[in-house]
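In what follows, every heavy atom counts, from backbone to side chain, and hydrogens, waters and symmetry copies are set aside. Residue numbers start from 1 in every chain, and the chains themselves are labelled A, B, ... in the order their sequence lines are given, proteins ahead of strands. This structure is a prediction, so every number in the text was calculated from the model and none was measured.
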Amino acid sequence: MSETTPASGAAETATEPFRYSAALAAEIESRWQDLWEKEGTFHAPNPTGALADPSAGDVAAKPHSFIMDMFPYPSGAGLHVGHPLGYIATDVFARYQRMTGHNVLHTLGYDAFGLPAEQYAVQTGTHPRVSTEANIANMRQQLRRLGLGHDPRRSISTIDPEYYRWTQWIFLQIFDSWYDETARKARPIAELVAQFASGSRELPGGRDWASLSGAEREDVLGEYRLAYAKEVPVNWCPGLGTVLANEEVTADGRSERGNFPVFKSNLRQWMMRITAYSDRLIEDLELLDWPEAIKLQQRNWIGRSEGARVDFAAPGDRKITVFTTRPDTLFGATYMVLAPEHGLVDEIVPAAWPEGVPAEWTGGADTPAEAVAAYRAAAAAKSDVERQVDAKVKTGVFTGAYAVNPVSGAAVPVFIADYVLMGYGTGAIMAVPAHDHRDFAFARAFALPMRCVVEPTDGRGEDPAAWDDAFDTYDSVIVNSARSEGDLSLDGLSVVDAKAHVTAWLAERGIGEGTVNYRLRDWLFSRQRYWGEPFPIVYDEDGVMHALPESMLPVEVPEVDDYSPRTYDAYDSASSPETPLSRNEDWVNVELDLGDGPKKYRRETNTMPNWAGSCWYELRYVDPSNSSAVVDPANEKYWLGPTETKPAGGADLYVGGAEHAVLHLLYARFWHKVLHDLGHVSSVEPFHKLFNQGMITADVYRDERGFPVPAAEVEERDGQYSWQGEPVKREAGKMGKSLKNAVAPDDIADEYGADTLRLYEMSMGPLDVSRPWDTRAVVGSYRFLQRLWRNVVSETTGELVVTEETPDEATLRALHKAIDGIRGDMAGLRFNTAVAKAIELNNYLVKRGSTPRPVAEQLVLMVAPLAPHIAEELWRRLGHGESLAHTDYPVADPAYVVDETVTCVVQIKGKVKARLEVAPGISDAELEALALADPAVVAAIGGAEVRKVIARAPKLVNIVTG
RNA sequence: GCGGCCUUGGCGGAGCUGGCGAGACGCGCCGGACUUAGGAUCCGGUGGGGGAAACCCCGUGAGGGUUCGAAUCCCUCAGGCCGCACCA
């Protein structure tokens, strides 16, 4: 790339000094970028506050368009051409919206806390703040060159104390609230306290609020708060030295970042009660304009399933509670399984095996306790990869205990097995081998009885012993289900009816109830990191937790000597985390006056996860410098509030990669809903329309050992690829430094200009599809801009070459069809076809030989969102004093969009036999008559019988002959 | 295994709710112009097969179906991509 000669050679500038060359593009681009910045061209006025603009008139009455990108991590690696794809797309759309009468809010902030920034800092030996800020500056520089029309006043950074004071403030809002199941919303915790104090709500355990100590009260409230600290089994990653959210752990039990092993460990951690919002997070997806695939992923992630809890009587008056989605098959439950970690296991294990236990149930152990211990040890030793491989082979061991099936009264053996997960439902199942394929496999392996209770509809018969697998189809009826005493029978009921019937029967007896279970877990919200937001929480000398008052925010990230995490051997599961902040005793131990005089406190030393800053940035974009509120209600209502087309409110467009389908997007929705419930925002959702842009991929070339070689240095001959004389293999892949195929936007801009780069990226294909980068093809976009330039400006004299003639009919038709098409494409984010239509019109003008001024002006305005610098330059040369950024986008005249005559095709049995020039408004009957009278048609029909004539005015007549 | 998506020229891709001649636009390739030269730029051509030509035949992963008419709708299969993964 950098070795090729720039397109602007000395020879051509001598004869054509005004040709649109890379050098000229560079000059134009930096000049306009400076001008935009100086004049604040992309400043979006707010209805009120610091960013209000009295000269902008009644802002609240003007239509708005809030366009967001998923903001970037300021990595030190530098950008490749894939990174700005989305930013260019939103910029094109934002510029289009601005030219169609919208007050456009478009900016870009930086998500700068978190692991990569910290790791980068540790690697380079610089403080995270220093390296992060340098990275931000570098990225701003690279992005500025692209001419993105951002409002720079709104470019927040999550590491700015003035930003994260509000992150901490929101944390406190969440901390100080609880979820009222009846009202289905979050409410201030004070209202719960009032209910407890007045007795209108009973305390758990029937205690009296007034008699509780501060610590006891806090324990109670901790069960309600939407943010709470609790000892929970968490994902501890010794290699990273931190705990991780479930969402940050891969399916094979490793950290998403760094790929270190992750272990389950009980630790006191901060949690967010996102599960309280499960149903609302599912329901409100209906109100959003999001890709169905993403909605589906969120629904699956939340994993709502309706079913029932059922109690099975266990030895010693204990009960084992299971969750099942198939209470209708309760009569078929012939054994039970507990997760190996289940707390009840040790309680029910008898001293000795019962009489006549089959040898394969005991695992060869002398006593149940030994069997259980051995199985647990084996399960723990198994790597997750082994677990996956073994998924089909069911393992487990008998506990020696029996429970009682509540509907059949039968004694059922209780097993432990790792196919039952502690983290889902109650960690215990009733096993119905005849109607669940996992239970079937286990029952086969352990020779357990099976009972068919759902009538097979596929002719396999009712004896499970003869089956290959469970019968788990729903659309059938229940059979074989009478209780011996005869007081419950489901026979003949449909699966659906049987579920309701048996659930009611259980509920009457107090041994079960209908319930809803979710896959979603509460969100682990603390990390043992330096580079994150500190919690605004302190502990008094009794260890009681206190929230800091708003006046003490922000709690700034303290300076420490050693900010690196305490990491361990990646496999040292017995290690435990040490928070970097705890090393700074001066910071940890403070004397504060929290309203009852100065006292000594210890600060919370965990930090928030990197998601925190991105959970609410849409709000801060709206009102970035507000120091008295997270966002002014008037500004929030204007930019984000619900409207007829946005029932839940939210930003009008949010563009980013699909990799954030569940994590970021679910967390941000959750925070936004809490803030809505507490009355801070009018919108219910943060992002109304979501658009996932595709990736830019690139060929990867590997040598014989499989190592990537620099793609830019690979040579091709007759379909064979080589690097430094050695043959290499080509494959499709992502673009990136490690694959040695990254192409830097700066290099493309150097060679052709930023407008060419923007145009090329937009013309590569549909925005939501991944497509391969092809540096050779960039020149096509460059040539288009050169032709456009040449249609307006003489390459030799620099004078305007547009003509002052009145455009002819055909040219006007070409123009207005282009306007009509491009407008539709722009509004629908179909920039690739918008570019094609602009090129088509430009090519038409080239062929025409001259460009009438009005056509040139309209074309320049149409191209402006895509290639803003050259458009501004041509606009100015065409004699306009103002930037075109706020000029009205061309509007098509319908009279020129519809042709005066349309070519109608006459088909005979689907083959074209004649063409007619007809008026667009012609009726079917007229058209049919015209077609049948046409000599060519008459000839083609010959003497054949006309069986049917299909007329679709004005474009087609199809004649079916017999 | 479950769920979702995709498959059009040498390549990236057009083709709106089934309605003409598929393949817009760009790259590449072929030919020409300008040039000491050009990988710069400009002009023309470019799905496959046949024909001197007008023109004809075949073509949207494979097979089948619905329809007057299918790249577009339905079924089966093949290949590819993504998500979840023993979720009871």
Side-chain angles (χ1 to χ4, degrees), chain A residues 4-9 11-12 16 19 21 251-252 291-294 296-297 299-301 303 305 307 322-326 329 337 387-388 390-394 417-421 423-432 435-439 441-442 517-520 658-659 661-662 719 732 759-760 763-766 769-784 786-787 790 795 821 824-825 828 830 832-840 842-843 846-847 903-915 947-950 952 955-961:
Chain A
T4 47
T5 320
S8 57
E12 78 192 25
E16 289 154 348
R19 153 162 291 186
S21 63
D252 56 348
E292 273 309 315
I294 302 291
L296 194 67
Q297 276 188 56
R299 285 190 202 102
N300 289 344
W301 191 263
S305 53
V322 302
F323 172 75
T324 178
T325 56
R326 297 294 304 274
T329 63
V337 185
R387 225 178 216 215
Q388 282 192 331
D390 295 350
K392 276 164 255 161
V393 187
K394 293 285 179 283
D418 63 4
Y419 85 91
V420 173
L421 310 173
Y424 184 79
T426 62
I429 63 156
M430 61 177 217
V432 185
H435 305 295
D436 180 284
H437 70 273
R438 293 152 305 184
D439 297 344
F442 190 86
N517 196 54
Y518 301 90
R519 205 184 79 104
L520 184 69
E659 68 273 15
V662 281
L759 205 59
Y760 175 66
S763 63
M764 290 169 78
V769 176
S770 292
R771 67 285 333 238
W773 178 262
D774 181 5
T775 296
R776 285 186 313 182
V778 177
V779 71
S781 300
Y782 179 61
R783 288 180 188 144
F784 162 57
Q786 286 189 319
R787 286 198 297 272
R790 203 182 304 130
E795 291 184 335
D825 289 343
R830 295 184 298 269
N832 55 327
T833 50
V835 172
K837 284 165 187 149
I839 295 177
E840 221 170 346
N842 193 54
N843 288 349
V846 170
K847 284 219 167 61
T903 308
C904 170
V905 205
V906 185
Q907 299 177 328
I908 300 193
K909 290 166 98 174
K911 300 277 183 197
V912 181
K913 294 296 177 188
R915 290 182 175 77
R947 289 223 312 240
K948 193 172 178 183
V949 179
I950 297 111
R952 288 285 178 276
K955 295 187 81 174
L956 176 130
V957 178
N958 192 4
I959 298 164
V960 189
T961 56

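With both pairing distances under 3.5 Å, B:U35 is matched to nothing as a Watson-Crick or G-U wobble pair. In this entry B:C68 has B:G19 as its Watson-Crick or G-U wobble partner, both defining distances falling under 3.5 Å. Under the Watson-Crick or G-U wobble criterion, with both distances below 3.5 Å, B:C86 has no partner in any strand shown. Look at B:G61: its Watson-Crick or wobble partner, with both distances under 3.5 angstrom, is B:C77. Nucleotide B:A54 forms a pair with no other nucleotide shown, judged by Watson-Crick or G-U wobble geometry with both contacts under 3.5 Å. As the counterpart of B:G44, B:C30 is assigned, both hydrogen-bonding distances of the Watson-Crick or G-U wobble pattern falling under 3.5 Å.
For A:Asn958, whose side chain is taken as the heavy atoms from C-beta onward, the closest listed nucleotide among B:C42, B:G69, B:G4 is B:G69. Among B:A14, B:A88, B:U41, the nucleotide with an atom closest to any side-chain atom of A:Arg783 is B:U41. For A:Val420, the listed nucleotide lying nearest its side chain is B:A88; candidates were B:A88, B:G44, B:C86. Residue A:Glu840 places its side chain closer to B:A24 than to any other of B:G13, B:U41, B:A24. In this structure, the nucleotide among B:A40, B:A14, B:A88 sitting nearest to the side chain of A:Thr833 is B:A14.
The residue A:Ile839 sits close only to the backbone: its heavy atoms come under 4.0 Å of sugar-phosphate atoms, none of a base. If you check every strand for non-hydrogen atoms under 4.0 Å, A:Ser763 touches nothing. Among the atoms of the strands shown, only primed sugar atoms or phosphate atoms (P, OP1, OP2) are found under 4.0 Å from some heavy atom of A:Val846. If you check every strand for non-hydrogen atoms under 4.0 Å, A:Asp439 touches nothing. Residue A:Ala836 is in base contact, counting any heavy-atom pair closer than 4.0 Å across all strands shown. Heavy atoms of A:Val835 sit nowhere under 4.0 angstrom from any nucleic acid atom. Note on A:Arg830: nothing from the nucleic acid sits closer than 4.0 angstrom, heavy atoms only. Nucleic acid contact class of A:Arg299 (heavy atoms, under 4.0 Å, all strands): none. At the heavy-atom level, A:Ile950 lies under 4.0 Å from base atoms of the strands shown. Residue contacts for A:Ser781: at a heavy-atom cut-off of 4.0 Å it reaches no nucleic acid atom on any strand shown.
With P as the reference atom, B:U46 and B:A37 are 29 Å apart, rounded to whole Å. For the P atoms, the distance linking B:A54 with B:U60 amounts to 25 Å, nearest Å. Rounded to whole Å, the separation between the C1' atoms of B:A71 and B:G21 comes to 16 Å. Comparing the P positions of B:C5 and B:C25 gives an interatomic distance of 32 Å, to the nearest angstrom. With both ends at atom P, the span from B:A62 to B:C56 equals 25 Å, rounded to whole Å. B:A85 and B:G47 have their P atoms separated by 48 Å, with the value rounded to a whole Å. Atom name C1', nucleotides B:G79 and B:G61: the rounded distance is 8 Å, in whole Å. Nucleotides B:G9 and B:G45, compared at atom P, are 23 Å apart to the nearest Å.
Considering every non-hydrogen atom in both A:Val662 and A:Gln297, the closest pair reads CG1-O, 3.7 Å. Residue A:Ile294 comes nearest to A:Ala661 through the heavy atom pair CD1-CB, 3.5 Å, listed as atom of the first residue, atom of the second, then distance.
Rounding to whole angstrom units, CZ of residue A:Arg19 and P of B:A40 are separated by 11 Å. Distance A:Lys837 NZ to B:G15 P: 7 Å, rounded to the nearest Å. The CD-P distance, from A:Glu292 to B:C82, rounds to 21 Å in whole Å. Rounded to an integer number of Å, the gap from A:Tyr782 OH to B:C27 P is 14 Å. The distance from atom OH of A:Tyr424 to atom C1' of B:A85 is 13 Å, rounded to the nearest whole Å. Atom CG in A:Leu296 sits roughly 9 Å away from atom C1' in B:G83 (whole-Å rounding). Atom C1' of nucleotide B:C42 and atom CZ of A:Phe784 are separated by 17 Å, given to the nearest angstrom. If you take CZ of A:Arg776 and P of B:G26, they are 17 Å apart, rounded to a whole angstrom.
For the atom pair CZ (A:Arg790) and CZ (A:Arg783), the distance works out to 11.0 Å, reported to the nearest 0.5 Å.
Within the structure, every side-chain polar atom (N or O) of A:Arg519 is placed at least 4.0 Å from both OP1 and OP2 of B:C84. In this model, the phosphate group of B:A24 is not approached by any side-chain N or O of A:Asn843 to a distance below 4.0 Å at OP1 or OP2. Using a 4.0 Å cut-off, no side-chain N or O of A:Asn832 falls inside it from OP1 or OP2 of B:G12.
Between the side chain of A:Asp439 and the main chain of A:Val432, a donor-acceptor pair closer than 3.5 Å is present. Under the 3.5 Å distance criterion, the side-chain polar atoms of A:Arg771 are matched with a main-chain donor or acceptor of A:Pro766. Of the possible polar contacts, none joining the A:Arg787 side chain to the A:Asn843 backbone as a donor-acceptor pair under 3.5 Å is found.
Because its glycosidic torsion is more than 90° from 0, B:G15 is reported here as anti.
Cation-pi geometry between A:Lys394 and A:Tyr419 is met: under 6.0 angstrom from the ring centre, within 45 degrees of the axis.
Each of A:Lys847 and A:Asn300 was assigned the nucleotide of RNA chain B with the nearest heavy atom; the assignment lying further toward the 5' end belongs to A:Asn300.
Under a 4.0 Å N-O distance rule, the pair A:Lys837/A:Asp825 qualifies as a salt bridge.
A donor and an acceptor atom sit less than 3.5 Å apart, one in the side chain of A:Lys394 and one in the base of B:C86.
Partners of A:Val778 according to the side-chain contact (heavy atoms from CB on, under 4.5 Å) rule, which considers only residues two or more places apart in sequence or in another chain, are A:Ile748, A:Tyr752, A:Thr756, A:Tyr760, A:Trp773.
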